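In what follows, a single structure is set out as structure tokens and then discussed.
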Amino acid sequence: MSGRIGGTPTLKQKSLCFVKIIFPLLRRVVSFFCVFKHPCVQVIYTMDKEAVLAHIRMSKGMSTLLGGELPVSVINGNKYISALTSEARGADRNVEENVLSLDHAICTALSGEIKNVILVGPEGSGKTTALEKLVVDWAKGERLQNFSHVFHFRFRELHSLNEALSLETLMLQHHSHVLPEAMPLVMQKPEDVLFVFDDLDQCKQSLDPSIHTLCSDPSQAAPLSSLVASLLHGSLLKGAAFVTAARSTGYVQALSGTKVEVLGFLKPQREAYFSGFFPDPAVANKALVHMEKTLGFYDICTSPRFCWTVCSMYKSLMDAGTKLPETLSQLYVVVLVHLIQKLSLNEAFNRDLVLAFGKMASHCFLNKHSSCTKEEMDSFGFQQFLTSLSVFLRIDGDQSDECVFSFHSQMMQEFLLAVSFFLDKSTSEGVEKMLEEHKGQAEFLDAFLSALSEPVQRRPLETLLGEMNSGRIVDFKRWFKSTSETALKGYYKEKHFHCFHLLHQAQNESLVREILDPQARIGISYGELSHQNSVALNYVFTILGEIEQLNLYSTKNLTEEEAEALVPTMTLSHKIILSSSSLSTRAVQHLASALSRGLTKELDLSHTHLGDEMFKILCTGLRDSKLLDIKLLACKLTEVSGEELVSVLTSSTSQLHVLDISFNQMRDQGFIKLCKALQSPQCKLQELRLRGSELTAPSMEALSAALCSGQSELRKVDLTQNMIGNGGMEALCKSLKNPHCKLQNLIVFDNELSGDCCPHLTEALMSEHCSLSELDLSVNELGQEGALLLCQALSRPGCPIEKLGLTRCELTQSVFKELGSLLRSGTSQLKSLSVGLSEVGDQGVKHIWDAVAHPNCLLEELDVEMTEMTDASVDDLCAAIRASKTLKSLELRNNLLTDASVPALVQVMQDSQTMLEMNLKYNDFSEDVFELLEECDRIRY
């Protein structure tokens, strides 16, 4: 029986031939009944999806090193990884990647009311492959099944359409699997139709409706651009849906709809891609890590096409046992050498070919063209190389005279321009002129020139192309050194980074040391880092060795990759500034690692909103670091972080002397834990800043115990804007009388104190064991009685207070009189006094001026802001300045001085040998005296 079923070979061939002939005819018959809705035939009015799949799966060209792998090859080989939208760049790690994928964004947009989706992204970011995958999934019945017909057009393939044609003709010509009889159904139900337009930037004309005569009849012939504009703007086939893609937003400005910015790959997608390319996981990881760490231009690593180029090149180099390139320039040297060797031409032909590419590249940049005609190519000197061009260029169009040529990659276009510039033996054009001509078009041109100016980097090319023009190389180096030195003396970080990129591409360590001389301002803020900036900065700074300061102030979203690239630099930095920055969790891990094995003595993380979890990670590095000073202001720490701080401060290796945890919700519970560490012999903390930490009296009991323990090394405590009250101050006063207490500076600015705390404070200041040299009681309601008590203590011979803050303490004229007496007494050590925001007027302040004029007065700084001084005080004020041998700084803001007092104040400041600054801001001056005030640069007004 099996023999009968098998039949003879001849019969089988005849059966297959019959099927091949009959099936298309049957399909046409069924389609005919579909069109006329024959009642005997029950069908769905859709395109033949199998035919669509077959059409897509037909090979269209071949993968190229510069053009990337063909979309059909990616899709058929199950190697497709969806690109991401720009929302993924700053998204939380907990968000599912599918939600951030380009596929999800397209499908979500098409399911809404506005069914126009506009994709914008750089070359090689995955737009074309994503659109092809979209059509394939529709044809497989997996997505977008609400559309009965999908028409996919690539503008690169429409270049030869110069004649007018109708929409129907366009659809039938480029979708041969669609039957003419089915076209009326498409036109009748446009809401069931999806148009996919790729390479919109290749359209010869703008799609702005204002420059076109829009049509509405599908059978009406019109130029291609008018036809597409009519579709996209709704006059033709209104109700149809569209997905369009272009490289630049300039091509889609006239279009309305949902705009989706295509990012490409982030790290997870790259990992998946490399794992799919290299069968050996270790090799895949080695290749990926090397690309991300060394190439330096991280943004292009988001390109799936670039990843394919890198993987292809790395595989070739790894198989040959050759060293992988260290920079982007080195990669393109390897690529160009590989492509030239494929052509097997002699040196003269190789040189002429690259020079022709240089002319083409420059022409495209200067004329802002993405492609060239056959006639233009002939003018560049390509006549003898036409059979070799497919290795380097994309060729679109079937007829030789009508086809167009374009670069697969703008990066390679720029590299060929750089190579051809140094190959050109003429002396007519200098580097400065050439760069100026291509400014704004060729982004990496000077970076490639920088690399090629170094003998080691250009040598592989010179073996194939001959020696490059030494005169132009010398000219470039002169220009580079001059512009770099100028840029690095300035404060524009963008210019600094640009210089670092050029140095990184040059890979010349002696050049780095030569250009970054002591005059270079490398301490400026390098915030807002990109990964490529991180790589370049790290390259330069590691060559310099130990650096005084790495300033990354206000870096938004320091990622794992950026932080990892900076680890070597961080380990060499004596000071790291990351204030007002945002750090990812993994970035904090790299920072902790750098601190644990680096030289950093000072770290500023103020306003970074670390939170308890990230701070816990940071502490793994702090415990073994060499840090002396750390600022953690407003880092969203809570009492939970108290335990971590204890572990850091009591570490046997901790050297921490200064800790600033102000404006965190440390509260009593967290601070009481911290005070236990202060009693440890391992703790070396000398300065503790706790401004705005929500502390109350119980915290002061714990602090007092620590200060009296005999173990605490604390010299300064800043408790500004807490709520310790009189009870807390009483506890602190107990410690001030203790012989074990080493406290020298106490700041209790705005702590809800009243005059009731002054008896305890007076008793403490009268104690022989009190070592305070600075006491700031500002913004507390001490009142007259309390302040007078305080003055009694300050008059004690030997009282160590040198700096006293009593701003806005409800002081009276009587208090000012007592302070004046104190300053004249000869026993006071006061050198700095703040008594501003006291409504005492000229009569009250006169006591201070009289004291300043006295030879016993040691004051160097005086603040009498907002004391209602008028011009009547100016004579006494000037007399005091002239008599004083110590006064250097005078704060007179927010008083009632007028123009009449200005001549005397300017004169006394010009005459004084000791006064360094007088602040007259916010007095009642008119613009008439500004010119006079400007005559003395020591006056601020």
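On a predicted model such as this, the values are computed, not experimentally measured, just so you know.
- Looking at Ile118, Leu102, Ile106 one by one, the single match for side chain to side chain contact (heavy atoms under 4.5 Å, CB included) with Val260 turns out to be Leu102.
- In this structure a side-chain-to-backbone donor-acceptor pair under 3.5 Å is missing from Thr108 to Ala105.
- Summarising the geometry of Gly257 relative to Ile114, their closest heavy-atom pair is CA-CG2, 3.8 Å, with the distance given to 0.1 Å.
- For the atom pair Lys342 NZ and Ser388 OG, the distance stands at 11.0 Å (nearest 0.5 Å).
- Side-chain contact between Asp199 and Thr128: present, with at least one pair of heavy atoms (C-beta onward) separated by less than 4.5 Å.
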From CA spacing to verdict: side chain to side chain contact (heavy atoms under 4.5 Å, CB included), Tyr80, Asp103: CA-CA 11 Å; Tyr80 178 75; Asp103 297 348; 2.8 Å; yes
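- To the nearest 0.5 Å, atom CG of residue Leu343 and atom CG of residue Leu353 are 6.5 Å apart.
- Considering only heavy atoms from C-beta on, Leu255 stays 4.5 Å or farther from Asn116 through its side chain.
- Ring pair Phe151/His149 is parallel by interplanar angle, where below 30° counts as parallel and above 60° as perpendicular.
- Considering only heavy atoms from C-beta on, Arg394 stays 4.5 Å or farther from Ser371 through its side chain.
- Formation of a donor-acceptor pair under 3.5 Å by the Asp201 side chain with backbone atoms of Arg247 is found in this model.
- Within a 6.0 Å sphere centred on NZ of Lys556, other residues, nucleotides and ligands contribute more than 12 heavy atoms.
- We find the OG-CE distance between Ser420 and Met360 to be 12.5 Å, quoted to the nearest 0.5 Å.
- In this structure, a donor-acceptor pair under 3.5 Å is present between the side chains of Thr169 and Ser166.
- Here the rule is ring pair (Phe, Tyr, Trp, His ring centres under 6.0 Å) with Phe357, and of Phe385, Phe392, Phe405 only Phe392 fits it.
- Judged by distance alone, the side chain of Gln269 and the main-chain N or O of Leu266 form a donor-acceptor pair under 3.5 Å.
- Using a distance-only test at 3.5 Å, with no hydrogens or angles considered, no donor-acceptor pair links the side chain of Asp208 to the main chain of Ile211.
- For the side chain to side chain contact (heavy atoms under 4.5 Å, CB included) with Met377, the qualifying choice from Ile395, Leu389, Val404 is Leu389, the only one to do so.
- Checked by atom type and distance alone, the side chain of Thr309 pairs as donor or acceptor with a backbone atom of Arg305 at under 3.5 Å.
- Put simply, the side chain of Ser63 gets close to the backbone of Leu70: a donor and an acceptor are under 3.5 Å apart.
- Between the side chain of Gln383 and the backbone N or O of Asp378 there is at least one donor-acceptor pair closer than 3.5 Å.
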Full working for side chain to side chain contact (heavy atoms under 4.5 Å, CB included) between Met411 and Leu328: CA-CA 10 Å; Met411 197 75 69; Leu328 188 69; 3.8 Å; yes
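- Between Tyr332 and Phe415, the ring-plane angle classifies as tilted under the 30° and 60° cut-offs.
- Ser409 contributes atom OG, which lies 11.5 Å from atom CG of Leu393 (distance to the nearest 0.5 angstrom).
- A salt bridge does not link Asp137 with Lys140: none of the charged nitrogens is closer than 4.0 Å to a carboxylate oxygen.
- No more than 12 heavy-atom neighbours from other residues, nucleotides or ligands sit within 6.0 angstrom of CD on Glu443.
- When all heavy atoms of Gly68 and Trp308 are compared, the closest pair comes out as CA-CE3, 3.5 Å.
- Using bins of under 30°, 30° to 60° and over 60° for the plane-to-plane angle, the ring pair Phe197/Phe195 lands in the parallel bin.
- Listed here is the closest heavy atom pair of Glu168 and Met187: CG-CE, 3.5 Å.
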Full working for salt bridge (charged side-chain N to carboxylate O under 4.0 Å, His left out) between Glu292 and Lys267: CA-CA 9 Å; Glu292 293 184 342; Lys267 193 174 185 72; 2.6 Å; yes
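- Electrostatic pairing of Glu191 and Lys115 does not count as a salt bridge here, judged by no charged N lying under 4.0 Å from a carboxylate O.
- Counting heavy-atom neighbours within 6.0 Å of Leu386 CG, excluding the residue itself, gives a total above 12.
- Heavy atoms from other residues, nucleotides or ligands lying under 6.0 Å from CD of Glu271 number more than 12.
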Worked check of side chain to side chain contact (heavy atoms under 4.5 Å, CB included) between Ile75 and Ile56: CA-CA 10 Å; Ile75 296 168; Ile56 291 175; 5.7 Å; no
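- Between Tyr273 and Lys79 there is no side-chain heavy-atom pair separated by less than 4.5 Å.
- Side-chain contact check for Ile81 versus Pro304: every heavy-atom pair is 4.5 Å or farther apart.
- With hydrogens and angles disregarded, a donor-acceptor distance shorter than 3.5 Å links the side chain of Arg270 to the backbone of Phe265.
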Side chain to side chain contact (heavy atoms under 4.5 Å, CB included) between Cys307 and Met291, worked out: CA-CA 9 Å; Cys307 288; Met291 179 185 78; 4.3 Å; yes
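- The main-chain N or O of Phe147 is found under 3.5 Å from a side-chain atom of Trp138 such that the two form a donor-acceptor pair.
- Of all the heavy atoms in Cys372 and Phe380, the pair that sits closest is SG-CE1, 3.9 Å.
- Side-chain contact check for Leu339 versus Leu66: some heavy-atom pair is nearer than 4.5 Å.
- Side-chain atoms of Asp198 and Leu200, non-hydrogen and from C-beta on, never get closer than 4.5 Å to each other.
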side-chain hydrogen bond (donor to acceptor under 3.5 Å, both in side chains) between Ser362 and His438, worked out: CA-CA 8 Å; Ser362 182; His438 295 85; 2.9 Å; yes
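- When all heavy atoms of Phe274 and Ala284 are compared, the pair lying nearest together is O-CB, 3.4 Å.
- At a threshold of 4.5 Å between non-hydrogen side-chain atoms, the residues Val196 and Leu194 count as touching.
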Please report, to 0.1 Å, the donor-acceptor pairs under 3.5 Å made by any side chain of residues 226-233, with sequence neighbours excluded.
unit_1, atom_1, unit_2, atom_2, d
Ser226, OG, His212, ND1, 3.1
Ser230, OG, Cys215, N, 2.9
Ser230, OG, Ser226, O, 2.7
His233, NE2, Leu207, O, 2.9

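- With hydrogens and angles disregarded, a donor-acceptor distance shorter than 3.5 Å links the side chain of Lys127 to the backbone of Pro122.
- Note: Leu165 CG to Ser219 OG = 12.0 Å, rounded to the nearest 0.5 Å.
- Atoms CG and CZ, from Leu110 and Arg143 in turn, are 10.0 Å apart once rounded to the nearest 0.5 Å.
- Here the closest heavy-atom approach between residue Thr85 and residue Ser101 is recorded as CG2-O, 3.9 Å.
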side-chain hydrogen bond (donor to acceptor under 3.5 Å, both in side chains) evaluation trace for Glu376 with His363: CA-CA 9 Å; Glu376 288 172 323; His363 173 83; 3.3 Å; yes
